[in-house]
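Since the structure is predicted, the reported quantities are computational estimates derived from the model, not experimental observations. Note that the numbering runs from 1 along the sequence shown for the chain.
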Amino acid sequence: MSLSGASLHFDDPACRLLELLHHSDDPGALFEVQQEIADLPDHHPGRAALTRAAQSALAVWQRGQQSQQRERTAQAVSDIARALTELKSLEEVLYDIVCRGRQLLGSDLSWLSGEQDGSLRVLAIDGATSEATGHMTAAASVGIAGHVVRTAAAFTTRDYVNDPVITHTPENDGTLLREGLRAAVAVPLMAGSRVIGVLTVGDRSERAFTPREVSVLATLASCASVAVRNATAYNALSEKLHQAETRLRDLQARAAEADFAASALHQMISDMAGTSSPARSLALIARLLEGRVILSDSLGRPLLSPPGDTPAPRRLSAALLRAVDAARATGRVQVLTGTGGVHHVAALAGRGGVGGCLVLTRETPLSPALLAFFERAAELMSALLRPEAEARDAGNRDAARLIHRLLEGSRREPGPLNEQLQSYDLTLNSPLHLGLIEAEQGQLTALARSLRERLGPRPGLIGEWHDYLVLLAQPDDIRDLRRRLGEQLYGNLRLSGQAALSAPVQGLAALRQAVSSLKVCLDLSRRLGLERQLSYEPELSLYTILFQGHDSTRIDQVLEALIGPLLRHDAARRGSLCETVLSFLDNSRNASLTARQLGVHVNTVHNRIETALTLMGAADTPGPLVEQHIALRLHQLRRRQA
């Protein structure tokens, strides 16, 4: 049948419709045939039938296309569901969801929001042009995501920013306006009846999302919610596995350290059982613990340290001394971070519970197992040092007993006392210097030991007596003895109390009399404010007579009355009148000798003396200036080592 007759030819519209339905995916060809039929004349006998056939063919084609689209969508959703249910990290799953949501609907961008700390935050995003879009945060009731959270249902809009159903905020709207968002569709991710997230897909041009598209996105959201729960569980399981692996490694490390500590302790015990010395044991501890170790006495003065680039300090810092006290009180190693690294302080047991300490310094803190080893090492060092300490203690007790007998014993025993003094290279038949030193009771023993070690091969007799440390020494060179004793007491040993040295005395009676003189001298030194210097009793003997019974205020009044103008002149002008007048009087008023002694011109000396006499009101009646001479010497004593 043709369009003009009853027969049917291959190129007739009916045949071409059948051919297009069978082979073509292009609707344009169908429309062309439909137009060709419409162009037939009205009187054409087959026009009505062909028109109905063309319409039916197009309807069949559209149903076929819809069927194919449903099949493709179903296959895509199936692929997505399979991909999303794979075990992945939560970050990977969230990114997969937004990418596939955008692809399914052919949209410009998509993002997934979730609730964190009471707010909705963007957890993953795809297709955004602004970085700010990926950092959007809003209250759980704001925006399209907030609307979906409230209703637990899908929502679409053609004009997001102007949609009155949505709760708007300037911040959110401003971000989405910069992104260019117009149309959007959002669906909830559910966990039972609870919304755990919102998937939003949007376009930068106006668009009406069809029910099928909303349904497809809702299907994706259903798969995504399962994937999110799986990923969350996977993350939690991975974290627990990581924690278990970490604990296992920690246990293995602790076991290895415990084995090392046990081996190191065995090595140290074996070494000490042989011919080990404190220095060798100290070096072994430093090597095993990879640090630097110092052995210090009870006053914080280092006694031993392994050789190294950094010399040991002269005294432990105040923080380390406090740590020593804490270690002694608790019986545990104290750890503190300070200059040079991490310090580990272990107290050593000593006589009466008071001993020295070990200080280990390294870059990192010791582990518990190595801390335990360090504590045991300190106990072993205490045992190694105990014989030496006991010998020193015995020597201290012998010296203290001898000093007690010398100063308080019977007056009829010089013979036996002389025999004992000979072991210290001393004798009562020769002149001796007596030293009296004030110190805290707990420091006397350590102070005595340190003085013996530091004063040379013939330190004399040094020991405790009541609240003092007593020194008996030969008067070979009084200036050298005063210098060395002062340097050790107030330099190396950092003594805070008073100390005084007597003139040479001979015989037991004179020695005991010197004790009383030295006590008066110590008291006057304290009232004069003579701190951190060794007082020499002959220099203060005159002042003990003049100022005995007077306090420091009275002494200040005397100095002000006698030489006050000179003191104020020198203080205001940083002058040298006091020094010049004292030197002038010491040199029997010899100006030339005074000039040479001070290193100035003789005319300078004359000018200074004239100025000083004028200030003191003695210019017209120059006398011997005895009182002023005594006051100037006292002023010099107070300024010494200031």
Side-chain angles (χ1 to χ4, degrees), residues 239-240 242-272 276 278-350 353-385:
E239 178 62 24
K240 289 182 179 178
H242 175 70
Q243 292 175 356
E245 291 174 346
T246 301
R247 285 195 296 268
L248 178 60
R249 286 194 298 269
D250 184 55
L251 289 174
Q252 290 172 339
R254 290 187 181 185
E257 287 180 345
D259 290 341
F260 172 80
S263 174
L265 194 62
H266 175 74
Q267 182 179 353
M268 189 171 178
I269 293 173
S270 301
D271 191 65
M272 290 178 60
S276 179
R280 180 174 173 178
S281 295
L282 209 64
L284 178 61
I285 296 172
R287 178 171 58 81
L288 291 173
L289 295 182
E290 298 179 339
R292 179 172 175 79
V293 185
I294 294 175
L295 170 65
S296 174
D297 65 13
S298 59
L299 297 181
R301 294 183 298 268
L303 302 175
L304 281 175
S305 62
D309 297 333
T310 305
R314 294 173 60 184
R315 185 178 173 89
L316 299 184
S317 67
L320 285 174
L321 288 175
R322 289 192 295 270
V324 173
D325 293 338
R328 188 170 292 125
T330 62
R332 305 303 302 271
V333 172
Q334 301 297 304
V335 182
L336 68 157
T337 302
T339 303
V342 182
H343 307 295
H344 306 75
V345 181
L348 300 181
V354 179
C357 68
L358 288 182
V359 179
L360 166 70
T361 302
R362 47 180 274 152
E363 293 183 357
T364 57
L366 291 174
S367 65
L370 296 183
L371 268 180
F373 164 70
F374 187 51
E375 288 180 351
R376 301 290 84 77
E379 294 174 1
L380 292 173
M381 283 296 295
S382 298
L384 181 63
L385 295 169

| Between CG on residue Leu360 and CG on residue Leu282, distance to nearest 0.5 Å | 9.5 Å
| query | Got a sec, which residues hit salt bridge (charged side-chain N to carboxylate O under 4.0 Å, His left out) with Arg332, two or more places apart in sequence or on another chain? | reply | Glu375
| message | Rounded to the nearest 0.5 Å, what separates atom CZ in Phe374 from atom CG in Leu358? | response | 5.0 Å
| field | Nearest-0.5 Å distance that lies between atom CZ in Arg376 and atom CD1 in Ile285 | value | 12.5 Å
| Nearest-0.5 Å distance that lies between atom CD1 in Ile294 and atom CZ in Arg292 | 5.5 Å
| Can you name the nearest heavy-atom pair linking Cys357 to Leu316, along with the distance? | SG-CD1, 3.8 Å
| remark: Sorted by chain and residue number, the side-chain contact (heavy atoms from CB on, under 4.5 Å) partners of Pro365 (sequence neighbours excluded) come out as Val342, His344
| request: Return the minimal non-hydrogen interatomic distance between Leu289 and Arg362, and the atom names on each side. | output: O-NH1, 2.7 Å
| query | For Thr246, what residues pass the side-chain contact (heavy atoms from CB on, under 4.5 Å) criterion, not counting sequence neighbours? | reply | His242, Arg249
| Atom of Ala347, atom of Ala378 and distance for their closest heavy-atom approach | O-CB, 4.2 Å
| message | With heavy-atom distances below 4.5 Å as the criterion, would you say the side chains of Leu371 and Val335 are in contact? | response | yes
| query | To the nearest 0.5 Å, what is the distance between CZ (Arg328) and CD (Gln334)? | reply | 11.5 Å
| task | Would you list the pairs meeting salt bridge (charged side-chain N to carboxylate O under 4.0 Å, His left out) in which at least one residue belongs to residues 339-348, sequence neighbours left out? | result | none
| said: Among residues at least two apart in sequence or on other chains, which ones pass side chain to side chain donor-acceptor pair (under 3.5 Å) with Asp250? | reply: Arg254
| message | Holding to side chain to side chain donor-acceptor pair (under 3.5 Å), I want the full list of residues that pass it with Glu245, two or more places apart in sequence or in another chain. | response | none
| Who pairs with Glu363 by side chain to side chain donor-acceptor pair (under 3.5 Å), at least two apart in sequence or on another chain? | none
| field | Where at least one partner belongs to residues 364-374, residue pairs that pass salt bridge (charged side-chain N to carboxylate O under 4.0 Å, His left out), sequence neighbours excluded | value | none
| Which residues satisfy the side-chain contact (heavy atoms from CB on, under 4.5 Å) test with Leu336, sequence neighbours excluded? | Ala319, Leu320, Ala323, His343, Val345
